*Asks:* 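I'd like to ask you about the structure that follows.
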Amino acid sequence: MLTNLKAQPADALLALIKLHNADPREDKIDLGVGVYRTDTGATPVFAAVKAAERKLLETQVSKAYLGPEGDMGFVHALMPHVFGAADPSKGGRIDGMQAPGGTGAVRLAVGLAKKAGISRILMGTPSWPNHAQIAADVGITIKGFNHATKAGVADMAALREAIASAEPTDAIMLHGCCHNPTGIDYTPAEWDEIAGLLAAKGLLPILDLAYQGLGKGMEEDAYGVRRVLAAVPEALIAYSCDKNFGYYRDRVGALYIMLADPAEMAAVMSNGHALARACWSMPPDHGGAVVRLVLEDAALTAAWLSELDDMRARMNEVRAKLGAAGVAGSVDMTPFGGQNGLFSIVPLSPEQVLAMREKHGVYMAGSGRINVAGLTVGNIDRFIAAVADVTK
Ligand code: LMR
């Protein structure tokens with residue numbers, strides 16, 4: 001039976017990690033998978049996380065099962081940061097459960113949407129490739145609309161049209177901030193409009209917030225999510241701590257559900273628990289417990305937020321340098337300066353992306369997406385020269 005299975009292509013983004021690791025060139029540049037890097041190319045563990053890990057090691061008395069919802073102390077401690085310090089649960093209308101990373105949270109959100117009767121998700125494209133893979137695996141169709149215009153701003157006309165033509169069994173997937181892969185986010189005024197359109201249409205939002213704090217700031221990056229939640233009766237929010245706590249491989253995320261009536265929460269949430277039980281039974285505990293310990297301690301929280309500020313400042317410096325580079329070959333670098341988060345798309349053909357890798361040792365996704373955090377004072381000029389070379 002098993003040989004009936006056809007070979008699947010390796011996930012292109014994850015395959016890039018292996019290709020990069022196998023490249024012996026010392027001056028290779030990794031702009032592939034979305035992990036933060038320092039100016040020396042390292043992805044260190046946050047000091048606040050290390051301190052909380054030590055605390056966990058000393059104080060944890062049991063590793064007995066917690067249940068499919070995971071560590072609810074973690075889930076609740078995060079809520080003021082995501083939904084705002086004043087009434088983060090909106091009078092009990094929002095609650096959540098822990099998930100293995102943002103991917104686990106998206107998986108739960110899409111699975112719950114399907115169980116609730118959603119048959120199609122509207123989604124700006126390009127998007128994070130795993131959104132479409134998860135939807136396909138769950139058995140939900142994606143209807144794409146154009147995310148950004150050639151001028152490098154959100155394509156509001158395409159979004160308006162997608163919302164206007166939505167069917168009653170559609171949901172819409174929106175990136176809360178730091179759009180992956182374009183780095184092109186909605187402005188606050190655009191979020192205001194989107195919130196109104198979603199409310200008027202009665203369209204279920206699935207909000208993916210995977211990079212809070214890596215764009216403009218923790219509060220600023222939550223604007224869109226909070227604005228939409230203030231307007232609509234119900235929503236699903238997939239949250240990742242993998243980037244803003246540097247927890248990548250330990251997989252820390254949460255699914256939040258907002259309902260119109262808190263009295264319905266237990267019944268709706270029980271479906272999330274059932275889905276989790278069938279998928280992974282219980283989320284891995286370690287990262288969630290550590291994030292909880294950080295957030296329960298004012299000094300550790302301040303240390304974490306300050307480390308996040310430093311990361312964002314470095315990325316903004318890199319973006320400013322890219323933006324100031326002007327035109328490299330046929331690529332105008334100026335827009336990269338004003339984009340948000342880890343990613344931007346360099347408009348290169350697949351052949352040019354290959355030439356970047358083979359000739360210049362620059363690893364980037366096939367879409368032309370770069371992780372700007374992979375650029376440092378030591379390699380940014382070489383990157384710009386490589387783009388100029390392959391597009392000359
Ligand atoms: C990325 O897009 O690079 C990250 O979200 C990592 C991942 O899991 O794809």
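As a basis for the values below, the full set of heavy atoms in this structure was taken, side chains included, without hydrogen atoms, waters or symmetry mates. In this text the structure is predicted, and so the values were computed from the model without any measurement. Note that ligands are numbered from 1 as they come in the structure, with each ligand's atoms numbered from 1 the same way.
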*Asks:* In the protein, what heavy atom is nearest to atom 9 (O) of ligand 1, and what distance, to one decimal place, separates them?
*Replies:* Trp128 NE1, 2.9 Å
*Asks:* Would you mind running through ligand 1 and noting each atom that sits below 4.0 Å from a heavy atom of Lys243?
*Replies:*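 Under 4.0 Å from Lys243, ligand 1 has these atoms: 4 (C), 5 (O), 6 (C).
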*Asks:* If we set the cut-off at 4.0 Å for heavy atoms, which region of Arg369 has an atom near ligand 1: side chain, backbone, both, or neither?
*Replies:*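 Side chain only; the backbone of Arg369 stays clear of ligand 1.
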*Asks:* Under a 4.0 angstrom heavy-atom cut-off, which atoms of ligand 1 come close to Tyr211?
*Replies:* 4 (C), 5 (O)
*Asks:* Is the terminal nitrogen or CZ of Arg369 (NZ for Lys, CZ for Arg) located under 6.0 angstrom from the six-membered ring centre of Phe343 and within 45° of that ring's axis?
*Replies:*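 Yes, Arg369 sits over the ring of Phe343.
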*Asks:* Which of the numbered atoms in ligand 1 are under 4.0 angstrom from any heavy atom belonging to Leu13?
*Replies:*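 Counting atoms of ligand 1 from 1, those under 4.0 Å from Leu13 are 1 (C), 2 (O), 3 (O), 9 (O).
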*Asks:* Parallel, tilted or perpendicular: which fits the ring planes of His179 and His147, with parallel below 30° and perpendicular above 60°?
*Replies:* parallel
*Asks:* Would a hydrophobic clustering, with Ile, Leu, Val, Met, Phe, Trp and Tyr connected at side-chain separations under 4.5 Å, put Ile184 with Leu209?
*Replies:* no
*Asks:* Taking 4.0 angstrom as the limit and counting only heavy atoms of Gly34, give me the atoms of ligand 1 inside it, by number and element.
*Replies:*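 Within the 4.0 Å cut-off of Gly34, ligand 1 contributes 1 (C), 3 (O).
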*Asks:* Centres of the Tyr256 and Phe83 rings: under 6.0 Å?
*Replies:*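 Ring centres of Phe83 and Tyr256 closer than 6.0 Å.
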*Asks:* One residue to check: Val35. Relative to ligand 1, which of side chain, backbone, both or neither has a non-hydrogen atom less than 4.0 Å away?
*Replies:*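 Looking at Val35 and ligand 1, no heavy atom falls under 4.0 Å.
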*Asks:* Is a side-chain donor or acceptor of Asn371 paired with a backbone partner of Val33 at a separation under 3.5 angstrom?
*Replies:*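 Yes, the answer is positive, given that a donor and an acceptor are paired below the 3.5 Å cut-off.
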*Asks:* What class does the angle between the rings of Trp191 and Tyr186 fall in, given that below 30° is parallel, 30 to 60° is tilted and above 60° is perpendicular?
*Replies:* perpendicular
*Asks:* Going only through I, L, V, M, F, W and Y residues with side-chain contacts under 4.5 Å, is there a path from Val346 to Val318?
*Replies:* yes
*Asks:* Does Val33 come within less than 4.0 Å of ligand 1, judged by its heavy atoms?
*Replies:*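 Flag set, Val33 near ligand 1.
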*Asks:* Report yes if some N/O of Thr103 lies less than 3.5 Å from some N/O of ligand 1; otherwise report no.
*Replies:* no
